[in-house]
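Notes for the one structure printed next.
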Amino acid sequence: KCEESRKTFSISRTVGKIYDLNNTSNKAKDFLNCYSEVENLSQAKCADKYKNIYGCLKQKGNFYTFPSDCIAQMEDFINC
């Protein structure tokens with residue numbers, strides 16, 4: 001959902017050093033607002049699925065690999 005605002009922000013950052021920094025600031029706000037909206041919707045709509053994947057990763061995960069036992073829970077959360 002936020003891919004377009006992320007791209008716009010990234011592009012404005014690269015050219016922002018040469019052009020208008022206020023424009024870059026506005027693009028950053030747009031992207032962060034989108035991200036925040038998605039996060040809030042995700043927490044409200046997918047809280048149970050998040051808890052499932054969090055619990056699985058906490059129990060079976062480590063910093064180096066993704067446990068195969070948690071793939072189904074991750075797919076459920078991603079598709080929520």
Which side-chain N or O atoms in residues 71-80 pair as donor and acceptor under 3.5 Å with protein atoms at least two apart or in another chain?
| from | atom 1 | to | atom 2 | distance (Å) |
| --- | --- | --- | --- | --- |
| Asn79 | ND2 | Glu75 | O | 2.9 |

* Find the distance between SG (Cys46) and CD (Glu39) and round it off to the nearest 0.5 Å. => 12.0 Å
* To do: Identify the heavy atoms of Phe66 and Ile53 that sit nearest to each other, and give their distance.
  => CZ-CD1, 4.2 Å
* Asked: So how far is it from Phe9 CZ to Ser25 OG, rounded to the nearest 0.5 Å?
  -> 9.0 Å
* Who passes salt bridge (Lys or Arg N to Asp or Glu O under 4.0 Å) against Glu37, sequence neighbours left out? -> Lys1
* Structure fact -> Value for OG (Ser68) from NZ (Lys60), rounded to nearest 0.5 Å, stands at 8.5 Å
* Heavy-atom pair of closest approach, residues Pro67 and Leu57 -> CD-CD2, 3.8 Å
* To do: Check whether any side-chain N or O of Ser36 sits under 3.5 Å from a backbone N or O of Leu32 as a donor-acceptor pair, and report yes or no.
  => no
* Backbone N/O of Glu4 and side chain of Thr8: donor-acceptor pair under 3.5 Å -> yes
* **Closest approach of Cys2 to Tyr35 (non-hydrogen atoms, all atoms of both residues)** => SG-N, 3.6 Å
